[in-house]
Amino acid sequence: MKRRTKILGALLAVLVSIALFIYVYCQSLAPDYEGDASIKGLSHTTDVYFDDYGIPHIFAENETDAQRVLGYVHAQDRLWQMEILRRIAPGRLSELFGSKLLKTDRFFAATGIAEYSKKSVAELDPNSESYRLAMAYVDGINQYMEQGDTPIEFTLLGIEKKPFTLEDVYNVFGFMSFSFAMAQKTDPLLTDIRNRYGMSYLDDFGLDGSSHITRLKTSKGKALEFAAISRSVSSLLETSPAPAFIGSNSWVIGGSKTASGKVIFENDPHIGFSQPATWYEAHIHTPGHEMYGFYLAGTPFPLLGHNHSYAYGLTMFENDDLDLFHEKENANGQYLTPEGYKNYTTRIETIKVKDSADVTLKVKISRHGPLVNGVLDGVKKETPVALSWVYTQHPNKLLEATYRISHARNQNDFATGVSLIHAPGLNVMYGDARGNIAWIAAGKLYKQKPSVNPNFILKGEGDDDWKEYLDFAKNPGAVNPESGFVYSANNQHEAVDGYLYPGYYLPHDRASRIESLLNAKNNWTAADVERMTLDHTSVSALPNLRQMLASLSGIREERDKEAITLLRHWKGTNATAEAAPVLYNKWLFFYLKNTLEDELGKENFDLLIGTHVVKQMIERQLANPASPWWDDIRTKKAGKPQ
């Protein structure tokens, strides 16, 4: 017994020693928030104050010093996150994690983002202020990598720290831009629904001519030919080590509607939870420049920010800036163009895989873009599909754009910066101390033929190709409107020259709620806006619920009656202590499941409910007794509904 006690005591001592060692080791890697750091290249001593939330406030004599220090402290806090983000777009995750991320690497390597980043950096003006400051930021990152602690993730995975470059900055921009796009997740699935069941099944989605978006174009195709593309892309983004941008809302209230007579600015980006968070907050103060900004890890200029002169933020535009083209091939493997059959161009990518042989990827590229065959699961070789994306088709000026919007001297300066963004599509919000308010839609917008519906995979032969790119002056926007406020909630904008721009917009519920609240009063305070930010009332839930309750009959169980009573008295609010919204959303899910899954199957149903288009269809479909989705095709006999 004594011997057993001694063994257990010794084992406990070993475990305590190991735990203590791990604790001391991890503590030794914690960021330094006190003391001095020697950073080469600074022209003056620069002070950094970390507040109670760990947010750095950088006080420098000039902005070059401030950017160099920003890069240093950014790396000190987020080096592992920055390492991950710079690797996604060029397809370099397998180098860290092995073959389990090879699918992700194959796809992103095929998109050509990394090649495009390299080209974009080569075209930068090295004499520009944005270039000079960005290089100082990158230098700060690299100085920390040389002299700072190595994050434990690097040690565990045996990763060698390698210098950051401006190409890495652009690769972070590229991944962010791709994660904003929705067409690659939605178009293939809608195409399959159309091909298998016909256009009547898409009426409830608001894609037909009555919505004034576009006139639908019919074409023949095989059932279940393209849905694998949607499933595969969605899977890659869901398993990405970086959280997705999933929507946002914002409103800016002019002085005519505030108690102080000053502008009140609200911006609420909705991003998936992650640790660490997507945003890195930092405050820079120099004699000539000040900005409290929100940065993406590994980028030098903030996407959201404010100072004493103005504030700006963004929401997702949700415009359609990505198309998929079905190329037609001949027996020689050439693809059809308006000038006849032509050869694909090719690009060779080498993907390094940890503890395995390198993988060589041969990317075939049509005039539309790279083929996704061979890089996405389930895409058949005999069905060549090319990815055409605005982001990689025009000169990339995101570095200059983010510099300008964070250094604007006035509203016109700010708008000029926004005009340089061609992708991703953004609603950029603005308010200044002079009393100006605005929202500006950023992105390279274009018109297509009225006969082309960009919600589907398009034909690659030429008929669907035509685009008329619009001048930036045509982009939707509002400056100091009579209403006294501007807002955005990822909702559809008014038509541009009679053209309702296609996209994957969210339903009107948030937009309607924001508009009704802002219209209701003219003495807004900051405290009012804070309460409004936390508002949780849905304007669409109650109309939907009335339709659902009207369909009920023969309720006998007491628990069911109790649930129905709760729902009948519900006000559409979503407080955490309420049972009614839980019941409503659960009912909503099973209504969709029982209505759609018999046609789509489980995999495609699970995919569809993760898109914006299904959110758009609920209100329409509930009010449409003739919807073909109501019929359960599993009950058909002899080809006739029962």
Side-chain angles (χ1 to χ4, degrees), residues 55 63 66-67 70 129-130 133-134 173 176-177 180 245 247-255 258 262-271 278-286 288-296 299-318 397-443 472 475-481 484-490 493 514 518 526 529 533:
I55 297 167
E63 198 175 350
Q67 283 293 132
L70 175 66
E129 185 75 355
S130 59
L133 294 177
F173 282 143
M176 174 201 69
S177 300
F180 274 38
F245 287 69
S248 311
N249 45 238
S250 180
W251 56 91
V252 190
I253 310 173
T258 65
K262 303 293 186 181
V263 170
I264 299 179
F265 184 97
E266 195 279 358
N267 195 195
D268 182 13
H270 301 161
I271 302 175
T278 294
W279 298 117
Y280 183 85
E281 295 182 49
H283 172 211
I284 287 177
H285 182 279
T286 73
H289 174 70
E290 183 174 17
M291 182 60 66
Y292 187 109
F294 294 73
Y295 300 75
L296 290 178
T299 61
F301 307 120
L303 296 184
L304 321 172
H306 69 271
N307 56 26
H308 294 292
S309 298
Y310 70 104
Y312 67 96
L314 56 86
T315 72
M316 293 169 62
F317 187 3
E318 304 289 2
K397 298 181 180 179
L398 274 177
L399 188 71
E400 183 69 17
T402 53
Y403 166 77
R404 290 197 180 195
I405 64 176
S406 61
H407 290 73
R409 298 296 181 185
N410 53 50
Q411 185 179 346
N412 289 334
D413 277 357
F414 186 84
T416 299
V418 175
S419 71
L420 299 177
I421 303 172
H422 66 263
L426 302 169
N427 287 309
V428 185
M429 313 300 290
Y430 174 88
D432 66 29
R434 299 181 180 91
N436 296 301
I437 62 173
W439 70 260
I440 311 168
F472 177 73
N475 281 28
V479 177
N480 298 324
F485 62 87
V486 293
Y487 72 93
S488 171
N490 315 118
H493 301 298
I514 291 169
L518 292 178
V529 173
T533 301

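Residues Ser130 and Glu400 have side chains that bring a donor and an acceptor to within less than 3.5 angstrom of each other. Thr315 and Ser488 form a side-chain donor-acceptor contact under 3.5 Å, judged by distance and modelled atom types alone. In summary, the side chains of Glu266 and Thr533 do present a donor paired with an acceptor at a separation below 3.5 Å, with no hydrogens or angles considered.
For Tyr295, there are no ring pair (Phe, Tyr, Trp, His ring centres under 6.0 Å) partners two or more places apart in sequence or in a different chain. The ring pair (Phe, Tyr, Trp, His ring centres under 6.0 Å) check on Tyr403 picks up Phe301, His407, with sequence neighbours excluded. Qualifying side chain to side chain contact (heavy atoms under 4.5 Å, CB included) partners for Ile440, counting only residues two or more places apart in sequence or in other chains: Phe414, Ala415, Val418, Phe472. Considering only residues two or more places apart in sequence or on other chains, Ser309 meets the side chain to side chain contact (heavy atoms under 4.5 Å, CB included) condition with Asn307. Taking the ring pair (Phe, Tyr, Trp, His ring centres under 6.0 Å) definition, one finds that His493 meets it with Phe317, Trp439, sequence neighbours left out.
Separation of atoms CD (Glu290) and NE2 (His306) is listed at 8.5 Å; rounding is to 0.5 Å. Atom CD1 of Ile405 sits about 9.0 Å away from atom CE of Met291, to the nearest 0.5 Å. In this structure, OG in Ser406 is found 6.0 Å from OH in Tyr310, a value given to the nearest 0.5 Å.
Leu133 is listed as a side-chain neighbour of Glu63, based on a closest heavy-atom distance under 4.5 Å. Annotation: side chain of Trp251 is not in contact with side chain of Val486 (no heavy-atom distance under 4.5 Å). In this structure, the side chains of Leu304 and Trp279 come closer than 4.5 Å at one or more pairs of heavy atoms. A 4.5 Å side-chain heavy-atom check between Ile253 and Phe265 finds every atom pair outside the cut-off.
Summarising the geometry of Gly431 relative to Val252, their closest heavy-atom pair is CA-CG1, 4.1 Å, with the distance given to 0.1 Å. For the residue pair Gly254 and Val263, the shortest heavy atom distance occurs at CA-CG2, 4.4 Å.
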Review item, side-chain donor-acceptor pairs of residues 419-426, under 3.5 Å, at least two apart:
unit_1	atom_1	unit_2	atom_2	d
Ser419	OG	Thr416	O	2.5
His422	ND1	Pro395	O	3.1
His422	NE2	Tyr391	O	3.1

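Checking side-chain atoms of Asp268 against main-chain N and O of Ser248 turns up no donor-acceptor pair under 3.5 Å. A donor-acceptor contact shorter than 3.5 Å links the side chain of Gln67 to the backbone of Pro300. Although no hydrogens or angles enter the test, the distance criterion places no donor-acceptor pair under 3.5 Å between the side chain of Asn436 and the main chain of Asp432.
Between His283 and His285, the ring planes are perpendicular. Angles over 60° get that label, and only those under 30° would be called parallel.
Each of Asn267, Ile514, Asn427, Asn490 was evaluated against Asn249; a single residue qualifies, Ile514, per the side chain to side chain contact (heavy atoms under 4.5 Å, CB included) test.
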field: Thr299/Thr402 under side chain to side chain contact (heavy atoms under 4.5 Å, CB included): CA gap, chis, key distance, verdict
entry: CA-CA 10 Å; Thr299 61; Thr402 53; over 6 Å; no
